[in-house]
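Just so you know, these numbers use all the heavy atoms, side chains as well, and skip hydrogens, waters and symmetry mates.
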Amino acid sequence: MAQVFDEWESTMKLPTPRGPLTAFLFEELASPPRRFDPPSFSPQGPALYDEDLQLALFACYELHYRGFEEVDDEWEWNPSLLALRQDLEHLFEEGLRRTVPRPSPPGGTPMRRALADLVATTDGGPGLAAFLARKADLEQFREFVAHRSIYHLKEADPHTWAIPRLHGAAKAALVEIQTDEYGGGRLDRMHSELFRATMRALDLDDSYGAHLERVPAITLAIGNTMSLFGLHRRHRGALLGHLAAFEMTSSLPNLTYARGLRRLGGDAVACRFYDEHVQADAVHEQIAAHDMCGGFADAEPGLAQDVLYGAACGLTLDRLFAEHLMDRWRLGVTSLRQADLMAAGR
């Protein structure tokens, strides 16, 4: 029987620092809002895998969502914090540029076709969905769900930032997609709520941010990419491309995830989140590629290449995430952060 957790809190607590940057940042955020001098910081290796950088960015972005229990809401627009976030974003964006080649402009190719070609030619990674369907044990599936909770418990929110920045066909299409994501205004049909039911069925804490301490940098980088694109008007094209790639590559994996969860004993309630996405995303795929991204490229042709770059970022990060899980599981170890590393703040 699934464990029943208390109703979730609207905010989470500041996590354990993972290095000097987050130690400094969290000490500031736990204090009354004030001006401070941003510390110098350089990633220790690739930015997408730097625990300190990704957690710091996640914390800065979270202030634009539900915030943290110990953090005054006035920190959200604090000039010193925004200056620090800008420095970190520059490092993150450089890391994305190094990792994700910028696709060629679509030229005369319709955006829908250009996106489909990009999806078809992008390396899909090591077959995470197939592994979860056929071979994963229950603990591995629970790990997968814990990772995904960082996004799915706020599902749709990052892409919603684009709505006031659009007009015409692209705006109407995005609203249509997001309306479904939010359950058409019904709490029990919101995709984030369906995911909570999956978590409860797997005896996982379904409260907002409950697994933040456990997930590594690459998981945080997936969410940070969405927030980066969503919070900057200049990235509106990339945000739409990211969403389109998400929708265009969702139906079959979710069908496979549902099969894997049923193999492990999941019932209809546990699998409803995945079942819902099989149907919804098949429709969303057409709306996102043709009406949303196609309409946007027609209205703002100078940003068409940004649409493809956002899609490429989403596809690449999903592959890197899958590689992390599969590499760890092949070694017979957890894909989540280990207790000794967490205790050391790394």
> Is there a side-chain contact (heavy atoms from CB on, under 4.5 Å) between Phe321 and Leu128 once you walk through the steps?
CA-CA 9 Å; Phe321 169 75; Leu128 175 62; 4.0 Å; yes
> Run His211 and Asp205 through side chain to side chain donor-acceptor pair (under 3.5 Å) and show every step you take.
CA-CA 8 Å; His211 302 279; Asp205 186 343; 5.7 Å; no
> Aromatic contact between His64 and Trp77, with the criterion being ring centroids under 6.0 Å apart: yes or no?
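So the answer is yes for these two rings.
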> Pick out which of Ser42, Pro43, Pro39, Pro38 makes a side-chain contact (heavy atoms from CB on, under 4.5 Å) with Leu21.
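Of all the options given, the one that passes is Pro39.
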> If every non-hydrogen atom of Met199 is compared with every non-hydrogen atom of Ser149, which pair is closest and at what distance?
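Reported closest heavy-atom pair: CE-CB, 3.7 Å.
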> Kindly compute the distance separating CZ (Arg148) from CG (Leu153), expressed to the nearest 0.5 Å.
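If I round to the nearest 0.5 Å, the distance is 13.0 Å.
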> For Leu25 and Ala59, which heavy atoms make the closest approach, and how far apart are they?
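Taking every non-hydrogen atom into account, CD2-CB, 4.3 Å.
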> Using a distance-only test with no angle check, is there a side-chain donor-acceptor pair under 3.5 angstrom linking Thr160 and Gln178?
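Thr160 vs Gln178: donor-acceptor pair found between side chains.
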> Indicate yes or no: does Arg85 engage Glu89 in a salt bridge with an N to O separation below 4.0 Å.
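Counted as a salt bridge, because a side-chain N and a carboxylate O are separated by less than 4.0 Å.
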> Closest approach of Ala258 and Cys271, non-hydrogen atoms and distance?
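Closest approach of Ala258 to Cys271, heavy atoms only: O-SG, 3.9 Å.
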> Carefully, step by step, assess Phe36 and Phe24 under the rule side-chain contact (heavy atoms from CB on, under 4.5 Å).
CA-CA 11 Å; Phe36 62 82; Phe24 170 87; 3.7 Å; yes
> How about Leu252: does its CG atom have over 12 heavy atoms from other parts shown lying under 6.0 Å from it?
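At most 12 heavy atoms, drawn from other residues, nucleotides or ligands, come within 6.0 Å of this atom.
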> What residue pairs, at least two apart or across chains, pass side-chain hydrogen bond (donor to acceptor under 3.5 Å, both in side chains) with a residue in residues 260-272?
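Only Arg262-Asp275 qualify under side-chain hydrogen bond (donor to acceptor under 3.5 Å, both in side chains).
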> Side-chain heavy atoms nearer than 4.5 Å, only ILVMFWY residues, links allowed to pass through others: does that put Phe92 and Leu81 together?
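Yes.
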> When you group the ILVMFWY residues by side-chain heavy-atom contacts below 4.5 Å and let the links chain together, are Ile163 and Met292 in the same group?
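Shared cluster, yes.
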> Just wondering, do Pro20 and Phe41 contact through their side chains at under 4.5 Å, heavy atoms?
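The answer is no; the side chains never approach within 4.5 Å.
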> Using 4.0 Å as the upper bound for N to carboxylate O, is an ion pair formed by Arg34 and Glu28?
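Yes.
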> Assess the pair His277 and Phe273: is the distance between their ring centroids shorter than 6.0 Å?
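Yes, the ring of His277 comes within the 6.0 Å limit of the ring of Phe273, centre to centre.
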> Is there a donor in the side chain of Tyr182 and an acceptor in the side chain of Asp157, or the other way round, less than 3.5 Å apart?
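On atom types as modelled, these side chains qualify, holding a pair under 3.5 Å.
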> Find out whether the Lys NZ or Arg CZ of Lys154 is both under 6.0 angstrom from the six-membered ring centre of Tyr65 and within 45° of the ring's axis.
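Pair Lys154/Tyr65 counts as cation-pi.
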> If hydrophobic clusters are built from ILVMFWY residues whose side chains come within less than 4.5 Å, do Val100 and Met248 share one?
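Cluster IDs for Val100 and Met248 differ.
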> Compute whether any side-chain donor of one residue and acceptor of the other, for His232 and Glu93, lie under 3.5 angstrom apart.
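No pair is found: no donor N or O on one side chain lies under 3.5 Å from an acceptor on the other.
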> Does anything in residues 291-304 form a side-chain hydrogen bond (donor to acceptor under 3.5 Å, both in side chains)? List the pairs, not counting sequence neighbours.
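Matches after skipping sequence neighbours: Arg236-Glu300.
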> Measuring centre to centre across the rings, with the benzene-like ring taken for any Trp, is Phe141 within less than 6.0 Å of Tyr257?
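Phe141 vs Tyr257: aromatic centres not under 6.0 Å.
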> Ignoring hydrogens and geometry beyond distance, is a side-chain donor-acceptor pair present between Arg18 and Gln54 at under 3.5 Å?
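Side chains of Arg18 and Gln54: no pair found under 3.5 Å.
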> Kindly state whether the ring of Phe131 and the ring of Trp329 have centres lying under 6.0 angstrom apart.
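They qualify: ring centres under 6.0 Å apart.
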> For the residue pair Leu29 and Trp75, what are the closest heavy atoms and their distance?
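That closest heavy-atom pairing would be O-NE1, 3.4 Å.
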> Can you hop from Leu212 to Tyr49 via hydrophobic side chains spaced under 4.5 Å?
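Linked within one cluster.
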> At their closest point, which heavy atom of Glu143 faces which heavy atom of Ser335, and how far apart are they?
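Taking every non-hydrogen atom into account, OE1-OG, 2.6 Å.
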> Can you spot which of Leu194, Thr198, Thr256 makes a side-chain contact (heavy atoms from CB on, under 4.5 Å) with Tyr274?
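Output: one option passes, namely Thr198.
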> Listed by chain and number, what are the ring pair (Phe, Tyr, Trp, His ring centres under 6.0 Å) partners of His159, not counting sequence neighbours?
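Counting only residues at least two positions away or on another chain, His159 forms a ring pair (Phe, Tyr, Trp, His ring centres under 6.0 Å) with His242.
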> Given the rule that I, L, V, M, F, W and Y join up when any side-chain heavy atoms are under 4.5 Å apart, are Leu315 and Leu325 in one cluster?
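In one cluster: no.
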